[in-house]
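Residue numbers start from 1 in every chain, and the chains themselves are labelled A, B, ... in the order their sequence lines are given, proteins ahead of strands.
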There are 2 protein chains.
Amino acid sequence: MKASTNYSKATHICIYLNIKEKELINSAELAESIKTNPVVIRRLIGLLKSHEIIASISGANGGFYLKREPENISLWDIYLATREEDFFKRPKVNPACLISSNLEILLHDSSLAAELSMKNELETITIKDLSLNLMHIVEEQGVDEEVTN
Amino acid sequence: MKASTNYSKATHICIYLNIKEKELINSAELAESIKTNPVVIRRLIGLLKSHEIIASISGANGGFYLKREPENISLWDIYLATREEDFFKRPKVNPACLISSNLEILLHDSSLAAELSMKNELETITIKDLSLNLMHIVEEQGVDEEVTN
DNA sequence: TCGTTCTGTAACTTTAAGGGTTATAGTTAA
DNA sequence: TTAACTATAACCCTTAAAGTTACAGAACGA
C-alpha cells in the first residue's frame, strides 16, 4: 500500500526528541540514530513542522524540539502528517474501459472510511506512551547503555 | 519502493468478471481492459485464487470466473488477498540505537489494530454493490457503449 | 493423436518512486 | 566575521513493482 517509511521514521524522531534530556537535537544527530542523511531528516521534519508537532531553531547551536507535550502527540497526528495522497494506489486509467475510468469514484467512499477508521485506534497512543513502553522494554532487557546513541 | 496497485486492479477484475455475461474471461481480455500484460493478470489472480475469490479453467477456451456470488465477495476479502506484509513500512534497523531496534515491537499492536479497524468498513461493500453503482453511474453518464471493452 | 489455445510460473528487463547526495542561501551565536 | 546550524532545490542511486519472454502443462476439437 505505502512504500514510504516516513511514519516509522517520524515516530522514531519524536520518541528521540522526547527521551533526550537535551532541549535541542540537530539533524546530524538524528540522522546518525536512524542511519540516514541529515537532509532526509530535515525533509521529513518539514512535514511534522507543518502539523505543529516539531519546531526548529536555526543557526549555531540550533536544532529541533517537540512543539507539544508528548502526551498531546498521537500516532494519528503523525499518520496525518506523513500520509500520502492515495490510501489505495491506482494504476493509470484506461479511458476505453468504463470500469477503469470509474474505479476511483467507485472506491472513493470506502477508502476514505477505511482510512478514517484507523483514527480511533491511533489517537489513543501517544509519544509519551511509546517512550514509557520503551523504558520498560529496555529495563527488562537490562541493557547497560543510553537509550539513544 | 514503488507501492503496489494490486487492490485496485483486483477489484477491477472482480467487477469485470461479474458484469460480463460470458461465464469465462481469459487473461488477454482482462489485460486489455486494465492496459497491462496477461502475465501480470495471471500473477495477480493467483493471489485471489488462494483466497477462493476467483477460479480458473485451463486449456483451450479456458479462463477465469468468480468462485463466489458477487454479494459474498467484499472489499475486505480483496484487501486480505492483496495485502502486504507490513502495514507501515520500516527502514532498516540500526542495532546501535535502542529506539530503532525496538521500534517494531513498540508500533506492532497499534499497527495491527489500525489495519483491523478497516475490516468494519470494507466488509460492508461487495462486488455486487460496486457493480450496481457502476451501472447507475454509466446510466447517468448516458454512455452509449458496453461497460467493458 | 496432434495442433491450438489456454493457464501457471520462472527468469529476466524496464521503470519509477523513495531515499541519498551535493550545493547553496539564509539564520543565529559567539 | 566566522562557524554551526536549518531549508530547500536539483540532482543521482537503488530497489521493488510492473512488464516481458519463454516454456511446461492442461484441455478442447478436428
Side-chain angles (χ1 to χ4, degrees), chain A residues 1-10 12-13 17 22-51 53-67 82-86 88-94 100, chain B residues 1-10 12-13 17 22-50 53-65 67 82-86 88-94 100:
Chain A
M1 181 151 54
K2 32 187 86 58
S4 164
T5 59
N6 278 350
Y7 174 82
S8 300
K9 282 191 283 201
H12 180 143
I13 289 169
L17 295 180
K22 277 191 294 180
E23 64 280 3
L24 283 180
I25 311 287
N26 66 36
S27 59
E29 182 174 339
L30 289 166
E32 169 61 24
S33 164
I34 297 189
K35 279 277 170 283
T36 182
N37 193 288
V39 176
V40 173
I41 298 291
R42 295 200 291 267
R43 249 185 330 222
L44 171 52
I45 288 184
L47 299 174
L48 301 168
K49 286 180 71 175
S50 62
H51 282 249
I53 294 170
I54 287 180
S56 67
I57 291 181
S58 285
N61 308 317
F64 303 97
Y65 61 97
L66 292 181
K67 192 163 184 185
T82 59
R83 77 184 282 275
E84 284 149 57
E85 189 64 17
D86 300 303
F88 292 116
K89 290 271 159 54
R90 279 168 283 106
K92 197 145 59 67
V93 170
N94 172 15
S100 175
Chain B
M1 268 181 177
K2 256 193 290 192
S4 164
T5 60
N6 278 349
Y7 174 82
S8 299
K9 282 191 282 203
H12 180 143
I13 289 170
L17 295 179
K22 278 192 294 181
E23 62 280 3
L24 282 180
I25 311 287
N26 67 35
S27 59
E29 182 174 340
L30 289 166
E32 170 61 24
S33 163
I34 297 189
K35 278 276 170 284
T36 181
N37 193 287
V39 176
V40 173
I41 298 290
R42 295 199 291 269
R43 251 186 326 223
L44 171 51
I45 288 185
L47 299 174
L48 301 169
K49 288 181 70 173
S50 63
I53 294 170
I54 287 180
S56 68
I57 291 180
S58 284
N61 308 316
F64 302 97
Y65 61 97
K67 192 164 186 184
T82 57
R83 76 184 283 276
E84 283 148 59
E85 188 65 16
D86 300 303
F88 292 115
K89 292 270 162 52
R90 276 168 284 107
K92 197 145 59 68
V93 169
N94 173 15
S100 175

A side-chain contact here means heavy atoms from C-beta on lying under 4.5 Å apart; do B/Lys89 and A/Ser8 qualify?
no

Nucleotides 28-30 of chain C: which of its N/O atoms have a protein N/O under 3.5 Å away?
from	atom 1	to	atom 2	distance (Å)
C/dT28	O2	A/Ala60	N	3.1

From the set D/dA17, C/dT7, D/dT6, return the single nucleotide nearest to any side-chain atom of B/Glu84.
D/dA17

For A/Leu48, which of A/Leu66, A/Leu17, A/Ile54 qualifies under side chain to side chain contact (heavy atoms under 4.5 Å, CB included)?
A/Ile54

Atom-pair distance (CD1 on B/Ile25; P on C/dT5), nearest Å
18 Å

Donor-acceptor pair present, B/Lys2 side chain and D/dT15 base, under 3.5 Å
no

Ignoring hydrogens and angles, answer whether the base of D/dT20 and the side-chain atoms of B/Arg43 contain a donor-acceptor pair closer than 3.5 Å.
yes

Quick one: is B/Ser4 getting a side-chain N or O under 4.0 Å of the D/dA18 phosphate, OP1 or OP2?
yes

Atom pair distance, as rounded to whole Å: CD in B/Glu85 and P in D/dA16:
14 Å

Atom CG of B/Leu44 and atom C1' of C/dT9: how far apart are they, to the nearest Å?
15 Å

Between CD1 of B/Ile54 and P of C/dT7 the distance, given in whole Å, is 12 Å

Measure the distance from NZ on B/Lys92 to P on C/dG19 and round it to the nearest whole Å.
14 Å

Could you say whether A/Lys9 or A/Arg42 is positioned toward the 5' end of DNA chain C, judged by the nucleotide with the nearest heavy atom to each?
A/Lys9

side-chain contact (heavy atoms from CB on, under 4.5 Å) involving A/Arg42 - partner list, sequence neighbours excluded:
A/Ser27, A/Pro38, A/Val39, A/Phe64

Check whether the side chains of B/Ser56 and B/Lys49 place a donor and an acceptor atom closer than 3.5 Å, and report yes or no.
yes

What distance separates A/Lys92 NZ from B/Ile34 CD1, expressed to the nearest 0.5 Å?
13.5 Å

Atom NZ of B/Lys89 and atom P of C/dG18 are separated, to the nearest Å, by 11 Å

Specify the separation, in whole Å, of atom CG of B/Asn37 and atom C1' of C/dC12.
13 Å

Separation of D/dA4 atom P from A/Leu24 atom CG, nearest Å, is 17 Å

Select one nucleotide: of D/dA18, D/dT21, D/dT8, the one nearest the side-chain heavy atoms of A/Val39.
D/dT8

Phosphate-side-chain proximity, B/Thr36 and D/dG19, N/O vs OP1/OP2 below 4.0 Å:
yes

Donor-acceptor check, side chain of A/Thr5 to backbone of B/Arg90, threshold 3.5 angstrom: yes or no?
no

Indicate, with a heavy-atom threshold strictly under 4.0 Å, whether B/Gly46 touches base, sugar-phosphate, or nothing.
nothing

May I ask you to say what B/Asn26 touches in the nucleic acid, namely base, sugar-phosphate or nothing, with a heavy-atom cut-off under 4.0 Å?
sugar-phosphate

Regarding B/His12 and A/Ser100, is there a side-chain donor-to-acceptor distance under 3.5 Å anywhere?
no

